[in-house]
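Each ligand, and each atom within it, is numbered from 1 in the order the structure gives. In this text, all values refer to a predicted model and were calculated from it rather than measured experimentally.
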Amino acid sequence: MSDQSNGFKRVVIEKPFGRDLATARKLNSALEKGFSEEQIYRIDHYLGKEMLQNIMVIRFANTMFEPLWSNKYIDHVQITSSETIGVENRGGYYDQAGAIRDMMQNHMLQLLMLTAMEAPHSLDTDSIRDEKVKVLRALSLPSDGLKSVVRGQYGQGIIDKTLVSGYRSEPRVRPNSNTETFVAMKVLIENRRWSGVPFYLRTGKRLEKRGTQIVIQFLDLPSIAYYNQYSGLDPNRLVIEIQPREGVRLKFNGKKPGSKDIILPVEMDFCQNCDIGSVSPDAYERLLFDVMEGDSTLFTRWDELEYAWRIIDKITRGWEGQPTAFPNYEAGTWGPWESDLLINKDGRKWINL
Ligand code: BG6
């Protein structure tokens, strides 16, 4: 089947690609019997989103960001993908998957890889994917292991002024389900660039607001005795907005106009889909076009999946048999309080959308 003499043959696979490393390997070996790696297009629709493709451009096509993009200047990174919808009519699938397999193993790790990767030596498919995989290979949980991972499940609550039911009452969900609809975790990337910089990731359903963003928070200024006014200032922050607003915001400090030296946080704001008429193509449109063109840059290579499953397996295995106190967050909030604790105990806080 891998013979292409009578035209091209390509297979496109939508997730879930397995439910752990073992089942993903099995699926992959079955595929490899009929197709070569170049013919396999594993979809992660987040890679088709305009702003994900923009992350590399923002980082590598600008002189001003890349020199600051490391532990020398960055305090931490946080990536949020929040949804207000519940599981809708997909309860049967979702109850077997949960947020960690449905969002974290794929979309969230893609966002992390693009944010943290080194500059590829060229922009060809494999050079980019090689650099992305290196991020996953260096990824680890902090030494307290599963204490750095918080899971949650929504109970009933109010979204858009409407009372919505809890996860366990959704169609085709087990009434005593222990499936998580929220995950927050702190991870580390053990390499020269990122050593010491925590990456906080969180995703969940039935949260207060829908949106996906990456927040790069820069280090505080050193405190110097003669610069009293310059201490305790808001940190500089770069926010890459993936959706629904697509843009970049840069927060810095400026002087309040007037005779007093008052310092205020101000913002530079770029939005690429705010003007009426500027509509980004749908992620799937872009991806299916690329399949026809034979360009697999925006698809997941097998080794990316393999390393992604390795880290997710560590978490799901650790959870097995552990009691949960579900439901542990109300629909319409930002998830369980342990998620705040996870970041607050490091002296930091979530930047909500
Ligand atoms: C899918 C998940 O991959 O991504 C869904 O299976 C989730 O549960 C969806 O709702 C989110 O995608 P988007 O593009 O709406 O952020």
- In this structure, atom 15 (O) of ligand 1 is nearest to the protein heavy atom R210 NH2, 4.0 Å
- Are K186 and D346 close enough for a salt bridge, meaning some N to O gap below 4.0 Å? yes
- What protein heavy atom sits nearest atom 8 (O) of ligand 1, and how far off is it? D102 OD2, 2.6 Å
- Message: Considering non-hydrogen atoms of the protein only, which is the closest contact for atom 14 (O) of ligand 1, and what is the distance?
- Response: K49 NZ, 2.6 Å
- Mind running side-chain hydrogen bond (donor to acceptor under 3.5 Å, both in side chains) on R202 and Q78 for me, showing each step along the way? CA-CA 8 Å; R202 68 175 168 164; Q78 41 180 283; 4.9 Å; no
- Among non-hydrogen protein atoms, atom 10 (O) of ligand 1 lies closest to E83 OE2, 2.5 Å
- Heavy-atom nearest neighbour in the protein, as seen from atom 16 (O) of ligand 1, with distance rounded to 0.1 Å: Y46 OH, 2.5 Å
- Y284 and E14 side chains, donor-acceptor separation under 3.5 Å: yes
- Protein heavy-atom partner closest to atom 12 (O) of ligand 1 - residue, atom, separation in Å: H45 NE2, 3.2 Å
- Could you tell me whether some N/O pair between Y93 and ligand 1 is separated by less than 3.5 angstrom? no
- Parallel under 30°, tilted from 30 to 60°, perpendicular over 60°: which one fits the rings of F199 and W194? perpendicular
- Note on the structure: If we number the atoms of ligand 1 from 1 as shown, the ones under 4.0 Å from a heavy atom of K205 are 5 (C), 7 (C), 8 (O), 10 (O)
- Query: Given E241 and R249, is the salt bridge (charged side-chain N to carboxylate O under 4.0 Å, His left out) satisfied, shown in steps?
  - Reply: CA-CA 8 Å; E241 299 173 308; R249 294 188 343 250; 2.6 Å; yes
- Message: Other residues, nucleotides and ligands only: do more than 12 of their heavy atoms fall within 6.0 Å of CZ on R137?
- Response: no
- Message: Among K15, R90, R101, which one puts a heavy atom closest to atom 3 (O) of ligand 1?
- Response: K15
- Item | Modelled atom types, side-chain donor and acceptor of N236 and Y73, under 3.5 Å | no
- Residue H107 vicinity, atoms of ligand 1 by number, heavy atom under 4.0 Å: 1 (C), 3 (O), 4 (O)
